[in-house]
Protein chains: 2
Amino acid sequence: MGITKSEIFTLQQNEIATFAKVFGHPARVAILQHLFKINTCVCGDLVSIIGLAQPTISQHLKELKNLGLIKGTIEGTSVCYCIDKDNWLNMKTIMITFLDQDYSETDQCC
Amino acid sequence: MGITKSEIFTLQQNEIATFAKVFGHPARVAILQHLFKINTCVCGDLVSIIGLAQPTISQHLKELKNLGLIKGTIEGTSVCYCIDKDNWLNMKTIMITFLDQDYSETDQCC
DNA sequence: TCTATTAATCGTAATATTGCAATAAACAAA
DNA sequence: TTTGTTTATTGCAATATTACGATTAATAGA
């Protein structure tokens, strides 16, 4: 039925999945990498850099903004985007905790 | 049109997105957390633990197996699943490198 | 052999995602 | 005010994902 049954999972599991989902598209990965790389706000050149149509980029930016990972500031006719450092750090902690689970070397059966 | 234009992104960007996508569903997060928690192979009790139908769990397991994050061993009529440690570590390195990008505190505009 | 158990596969319905053309909105500058 | 520039929104088509009933396959045990 195409609909995720999020109600049967914990808040933490849903949160991890929500963050992961937004990284599940290479355009959004590329946008974030660019924002980190140029080390300042980006005003408008994302469309030419990524290579997708302007409405498509705008949609991807919206998803990143909804999760709070980036923020945009209006500068005249253009909008400047940058990483939201606090929220990124919070997300990073949650994701790394998930990735960093560890288990002892004993009691392995495969 | 519902199809990701992966050809315009780098191999690394596509790899990050592929790993992230598999974590983008809470059932798969829950499966992996359970495999880490019980610290040994799981033979069949995943359906009752997660709370989705057996074909649905089987489908999620298949996606995790396709990416190499888990492996299954046949034990009679049941199959035992566990984390593939080597591949998990490889994935972890790739994902943490992405999450851990950093940028200097200077030259910020927002 | 027959039956029960377990997991995979098939088929299908419902919903979500991706991408873009067309358009709108907001503002700067002439 | 008009024109150009930039970004957001709308609407839609194509494809992907999620979920599960029905079925199949494989094996253990009676």
Side-chain angles (χ1 to χ4, degrees), chain A residues 1-9 13-14 17-31 34-35 41-67 70-82 109-110, chain B residues 1-9 13-14 17-31 34-35 41-67 70-82 109-110:
Chain A
M1 295 125 191
I3 186 163
T4 297
K5 288 191 163 179
S6 22
E7 69 278 6
I8 67 171
F9 301 103
Q13 286 161 346
N14 281 306
T18 303
F19 281 131
K21 206 179 212 173
V22 91
F23 299 138
H25 194 290
R28 293 188 291 263
V29 170
I31 287 170
H34 185 70
L35 287 180
C41 285
V42 163
C43 302
D45 46 355
L46 279 169
V47 172
S48 49
I49 285 165
I50 306 287
L52 290 170
Q54 180 267 322
T56 310
I57 297 293
S58 190
Q59 198 173 278
H60 285 307
L61 287 169
K62 194 179 177 183
E63 288 178 64
L64 291 168
K65 222 177 356 181
N66 285 344
L67 266 187
I70 65 173
K71 52 187 173 183
T73 316
I74 297 171
E75 298 272 338
T77 46
S78 54
V79 179
C80 287
Y81 285 105
C82 63
C109 62
C110 2
Chain B
M1 295 131 191
I3 186 165
T4 297
K5 287 192 162 180
S6 22
E7 69 277 7
I8 68 171
F9 302 102
Q13 286 161 345
N14 281 307
T18 302
F19 281 131
K21 207 179 212 172
V22 91
F23 300 137
H25 193 290
R28 293 189 290 264
V29 170
I31 288 170
H34 184 70
L35 288 180
C41 285
V42 163
C43 301
D45 46 354
L46 279 169
V47 172
S48 48
I49 285 166
I50 308 286
L52 290 170
Q54 180 267 322
T56 309
I57 297 293
S58 193
Q59 199 172 277
H60 285 306
L61 287 169
K62 194 179 177 184
E63 288 178 64
L64 291 168
K65 222 175 359 178
N66 284 344
L67 267 187
I70 64 174
K71 52 187 174 184
T73 318
I74 297 170
E75 298 273 337
T77 46
S78 53
V79 180
C80 287
Y81 287 104
C82 63
C109 63
C110 5

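Source: prediction; values computed, not measured. Letters go in sequence order (proteins before strands), and every chain restarts at 1.
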**Q** When you measure from the side chain of Ser78(A), which nucleotide among dA8(D), dT7(D), dA8(C) comes out closest?
**A**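 It is dT7(D).
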**Q** How long is the line joining NZ of Lys21(B) and P of dT17(D), in whole Å?
**A**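 So the two atoms are 5 Å apart, to the nearest Å.
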**Q** How are the rings of His60(B) and His25(B) set to each other: parallel, tilted or perpendicular (split at 30° and 60°)?
**A**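 It falls in the tilted class, 30° to 60°.
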**Q** Take Gly76(A) and Ala53(A), find for each the nucleotide of DNA chain C with the closest heavy atom, and name the residue whose nucleotide sits nearer the 5' end.
**A**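 So the residue in question is Ala53(A).
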**Q** Without swapping roles, check the side chain of Arg28(A) against the backbone of Val22(A) for a donor-acceptor pair under 3.5 Å.
**A**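 Yes, Arg28(A) side chain to Val22(A) backbone: donor-acceptor pair under 3.5 Å.
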**Q** What is the distance, to the nearest angstrom, from the CG atom on Asn66(A) to the C1' atom on dA16(C)?
**A**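 So the two atoms are 15 Å apart, to the nearest Å.
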**Q** Which one, dT18(C), dT10(D), dC20(D), comes nearest to the side chain of Pro55(A)?
**A**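 It is dT10(D).
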**Q** Can you check the Ile3(B) CD1 to dT17(D) C1' distance for me, whole Å?
**A**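 Computing the Ile3(B):CD1 to dT17(D):C1' distance gives 14 Å.
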**Q** Would you check if Asn66(A) and Lys62(A) make a side-chain contact, meaning some heavy-atom pair closer than 4.5 Å?
**A**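 Yes. Closest side-chain heavy atoms under 4.5 Å.
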**Q** Can you figure out which of dT18(D), dC20(C), dT9(D) approaches the side chain of Thr56(A) most closely?
**A**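 For the Thr56(A) side chain, the nearest candidate turns out to be dC20(C).
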**Q** Checking contacts here: which listed nucleotide (dA16(D), dA7(C), dG19(C)) is nearest the side-chain heavy atoms of Leu52(A)?
**A**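 That would be dG19(C).
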**Q** Can you tell which of dA21(C), dA8(C), dT6(C) lies closest to the side chain of Thr77(B)?
**A**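 It is dT6(C).
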**Q** What's the closest nucleotide to the side chain of His60(A) if the choices are dA8(C), dT18(D), dG19(C)?
**A**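 Ranking dA8(C), dT18(D), dG19(C) by closest atom to the His60(A) side chain puts dG19(C) first.
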**Q** According to a strict under-4.0 Å criterion, is Lys5(A) in side-chain N/O contact with OP1 or OP2 of dC20(D)?
**A**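 For Lys5(A), the contact criterion (side-chain N or O under 4.0 Å from OP1 or OP2 of dC20(D)) is met.
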**Q** Tell me: NZ of Lys65(B) to P of dT9(C), nearest whole Å?
**A**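 Answer to the nearest Å: 7 Å.
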**Q** With no angle test and no hydrogens, is the base of dA8(C) tied to the side chain of Gln59(B) by a donor-acceptor pair under 3.5 Å?
**A**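 Between dA8(C) and Gln59(B), which were checked side chain against base, a qualifying N/O pair under 3.5 Å is absent.
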**Q** Please report, rounded to the nearest Å, how far the C1' atom of dA7(C) is from the OH atom of Tyr81(B).
**A**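 Whole-Å distance recorded here is 7 Å.
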**Q** Using a 3.5 Å distance criterion without hydrogens, assess whether the side chain of Thr18(B) forms a donor-acceptor pair with backbone atoms of Asn14(B).
**A**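 Between the backbone of Asn14(B) and the side chain of Thr18(B) there is a qualifying donor-acceptor contact (under 3.5 Å).
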**Q** Within this structure, what is the CD1-to-P distance between Ile57(A) and dT18(C), rounded to whole angstrom?
**A**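 These atoms are roughly 12 Å apart.
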